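A quick note: this is a predicted structure, and the numbers were derived from the prediction, not measured.
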Amino acid sequence: MTVLSIAVAGLIAVPVLVVIGSVLTPSTETWRHLASTVLPEYIANTLWLMLGVGLGVSVIGIATAWLTTTCRFPGRGAFEWALILPLAVPAYVMAYAYADFFQFAGPVQSWLRASFGWSRHDYWFPEIRSLGGAAFLFSVAFYPYVYLLARAAFLEQATGMIEAGRSLGYGPWRSFFRLALPLARPGVAAGVALALMETLADFGTVGYLALHTFTTGIYRAWLSLGDRVAACQLAVALLAFVALVLLAERMSRGRARFDNRAARRRVVPHRLRGWPAAGAVLACALPILAGFVLPAWILLRLTFSGGELQLGSRYFALVWNSVTLAGLTAACAVALALLVAYATRSGGNVVALVAHRLAGLGYAVPGAVIAVGILVPVTRLDLVLSGFLHSAFGITTGLLLTGGIAALVYAYLVRFLAVALQSVEAGLAKVTPGMDDAARSLGTSPLGIVSRVHVPLLAPSLLTAALMVFVDVMKELPATFMMRPFNFDTLAVHTYNLASDERLSELAAPALTIVVVGIVPLILLSRTLIRARLEAERR
């Protein structure tokens with residue numbers, strides 16, 4: 001079992017090792033041209049984007065988490081789960097919706113000109129196709145990461161400390177900044193790191209908004225300029241930014257230790273009335289409005305009033321392609337996650353733990369980097385395999401791996417195995433070792449223990465893992481865009497292609513399909529949030 005988990009971890013690590021190994025390859029003329037022209041812009045845009053998104057998700061996520069955890073106001077019960085709804089809307093879909101709604105010829109600016117008799121030069125309107133516009137879109141799309149982890153931290157805090165602060169005369173603001181926020185720092189830092197890694201991995205949003213970042217540079221070097229070495233070296237630079245985010249998250253903890261075991265008594269939420277209550281409602285409603293309600297309404301409007309409803313055979317073929325890829329990847333991811341988690345549980349040695357860490361590495365790696373790291377070795381393997389079969393047996397096979405969906409599923413597994421692994425481990429932790437011992441005493445083999453004991457007990461966790469991977473694959477764009485076979489599009493790729501051609505009314509139906517599918521796991525997550533709040537209130 002440990003050997004198999006090591007093999008899985010090795011396959012997950014291959015794309016990253018290939019990309020890092022490209023540093024040893026001599027630079028090409030393309031790389032020198034990029035370094036002297038657009039590389040400084042890539043660095044500056046990426047840094048400013050990270051700064052803007054980091055501030056945005058922190059402010060929105062922490063404020064909403066604190067309000068829904070420690071205050072009572074109208075609609076609080078609905079807000080605590082509705083605040084995660086923006087996770088159902090991919091950032092690139094949000095960009096398409098906002099660009100159509102707020103562009104010069106869109107309904108908002110057209111209404112302003114018609115209502116006030118303004119011309120183009122009579123007013124100023126924020127430009128969504130800008131660095132600030134991208135930071136806003138990423139902030140309202142990814143703040144739920146901070147909200148979820150900060151809220152969990154607030155719920156689990158040592159409430160005696162907060163009460164002691166109140167007894168010393170700390171008001172609500174001082175208690176928040178001096179006690180609650182420092183105690184929640186690990187959760188907040190982890191949420192911000194997740195949001196920043198998703199920002200760095202994005203291609204659809206920055207590509208559609210015409211922003212030059214490392215992700216768009218990788219695609220340009222690979223697909224437009226045809227230089228895989230330059231693409232790999234840009235991918236290494238992007239990996240450096242990911243490493244910088246992870247290092248900053250680790251350093252933010254410093255040498256501090258956080259122990260919340262003391263005084264588990266429940267703090268009674270402070271009831272807000274009047275203007276404070278109205279402010280809390282507004283603070284929680286605006287992120288939901290900006291991150292879910294408005295984009296969904298825009299897509300519905302485009303779908304049913306644009307006269308371009310596309311639900312023919314092409315649409316159902318795209319749905320079939322997307323569902324096939326997502327279903328196949330989800331099944332493989334759950335099986336591999338179960339293998340790795342079980343090997344770690346039963347082995348318990350250093351080798352198994354290292355394999356476990358490597359298997360979870362892929363989620364921190366952007367899809368563009370994974371695509372480059374897979375295409376280079378797999379294409380060579382394809383050529384060698386095709387040449388061998390032709391010379392040995394006279395069979396012309398073409399590209400078996402990169403010509404089909406095998407390499408694409410491999411890329412998805414590298415990217416999303418960590419998602420399945422986390423869910424499976426959470427479920428496996430609830431299976432006591434005594435159950436394993438009892439099964440062994442009855443002569444059950446290790447495989448039998450997994451199939452007859454663990455799998456039935458893990459069924460809810462396995463279903464959750466499969467569902468999370470399924471939705472992530474449905475939304476995934478960067479790796480799919482680079483690695484899909486010819487004449488094989490998914491809903492995500494199709495919406496991006498239509499957006500690139502400014503055929504926004506046609507992309508509404510497939511984009512809405514992605515959003516609707518994304519809502520399903522959020523329903524399960526919302527039930528978990530409600531249970532967590534009820535348990536906290538019973539303490």
If you take all heavy atoms of [X] and [Y], which pair is closest and at what distance?
X: L149; Y: G191; answer: CD1-N, 3.4 Å
X: P74; Y: F79; answer: O-CE1, 3.9 Å
X: T68; Y: C284; answer: CG2-SG, 4.1 Å
X: L211; Y: A134; answer: CD1-CB, 3.4 Å
X: A479; Y: A371; answer: CA-CB, 4.2 Å
X: R151; Y: A65; answer: N-CB, 3.6 Å

Could you walk me through whether Y496 and F203 satisfy the ring pair (Phe, Tyr, Trp, His ring centres under 6.0 Å) test, starting with their C-alpha distance in whole Å, then the side-chain angles of each, then the deciding distance to 0.1 Å, before giving a yes or no?
CA-CA 10 Å; Y496 178 77; F203 166 69; 5.2 Å; yes

Does the side chain of [Y] come within less than 4.5 Å of [X]'s, by heavy atoms?
X: F73; Y: R271; value: no
X: V517; Y: F470; value: yes
X: P90; Y: I514; value: yes
X: V242; Y: P366; value: yes
X: V140; Y: M94; value: yes
X: F292; Y: V515; value: yes
X: V293; Y: L85; value: no
X: L83; Y: Y143; value: yes

Let me see the working for F142 and L137 under side-chain contact (heavy atoms from CB on, under 4.5 Å), right down to the final yes or no.
CA-CA 9 Å; F142 298 141; L137 292 172; over 6 Å; no

Criterion side-chain contact (heavy atoms from CB on, under 4.5 Å) on V206 and Y92, from CA distance to verdict
CA-CA 8 Å; V206 293; Y92 57 86; over 6 Å; no

With a 3.5 Å distance limit and no angle check, can you tell me whether [X] reaches the backbone of [Y] through a side-chain donor-acceptor pair?
X: Y147; Y: E80; value: yes
X: S322; Y: L491; value: yes
X: Y219; Y: P478; value: yes
X: T215; Y: L200; value: yes
X: R76; Y: C71; value: yes
X: T64; Y: G61; value: yes
X: T216; Y: T213; value: yes

List in chain and number order the residues that pass side-chain hydrogen bond (donor to acceptor under 3.5 Å, both in side chains) with Y412, two or more places apart in sequence or in another chain; answer none if no residue qualifies.
T480

Run L512 and V93 through side-chain contact (heavy atoms from CB on, under 4.5 Å) and show every step you take.
CA-CA 9 Å; L512 262 180; V93 171; over 6 Å; no

Sequence neighbours excluded and cut-off under 3.5 Å, please list the side-chain donor-acceptor pairs for residues 43-55, or say none.
residue: N45; atom: ND2; partner: H212; partner atom: O; Å: 2.9
residue: T46; atom: OG1; partner: Y42; partner atom: O; Å: 2.7

Testing the 3.5 Å rule here: is there a donor-acceptor pair between the side chains of Y98 and Q103?
no

[X] [atom1] to [Y] [atom2] distance, which is reported to the nearest 0.5 Å:
X: T495; Y: L477; atom1: OG1; atom2: CG; answer: 7.0 Å
X: L421; Y: F416; atom1: CG; atom2: CZ; answer: 15.0 Å
X: D100; Y: L299; atom1: CG; atom2: CG; answer: 9.0 Å
X: L67; Y: L272; atom1: CG; atom2: CG; answer: 7.5 Å
X: F125; Y: Q109; atom1: CZ; atom2: CD; answer: 5.0 Å
X: E476; Y: I370; atom1: CD; atom2: CD1; answer: 8.0 Å

Just grab all the side-chain hydrogen bond (donor to acceptor under 3.5 Å, both in side chains) pairs involving residues 187-200, residues at least two apart or on different chains.
E198-Y363

For residues 507-523, pull every pair meeting side-chain hydrogen bond (donor to acceptor under 3.5 Å, both in side chains), keeping only residues two or more places apart or in separate chains.
Y315-T513

Residues at least two apart in sequence or cross-chain that pass side chain to side chain contact (heavy atoms under 4.5 Å, CB included) with A465, listed by chain then number, are V334, A420, S423, V424

Checking R129 now: which residues fulfil side chain to side chain contact (heavy atoms under 4.5 Å, CB included) with it, not counting sequence neighbours?
A99, E127, Y208, L209, E502

Looking only at the aromatic ring of each residue, does the gap between the centers of F101 and W297 stay below 6.0 angstrom?
yes

Applying side-chain contact (heavy atoms from CB on, under 4.5 Å), run through I62 and V188 and close with a yes or a no.
CA-CA 7 Å; I62 294 172; V188 172; 3.7 Å; yes

Atom CE of residue position M468 - does it have more than 12 heavy atoms of other residues, nucleotides or ligands inside 6.0 Å?
no

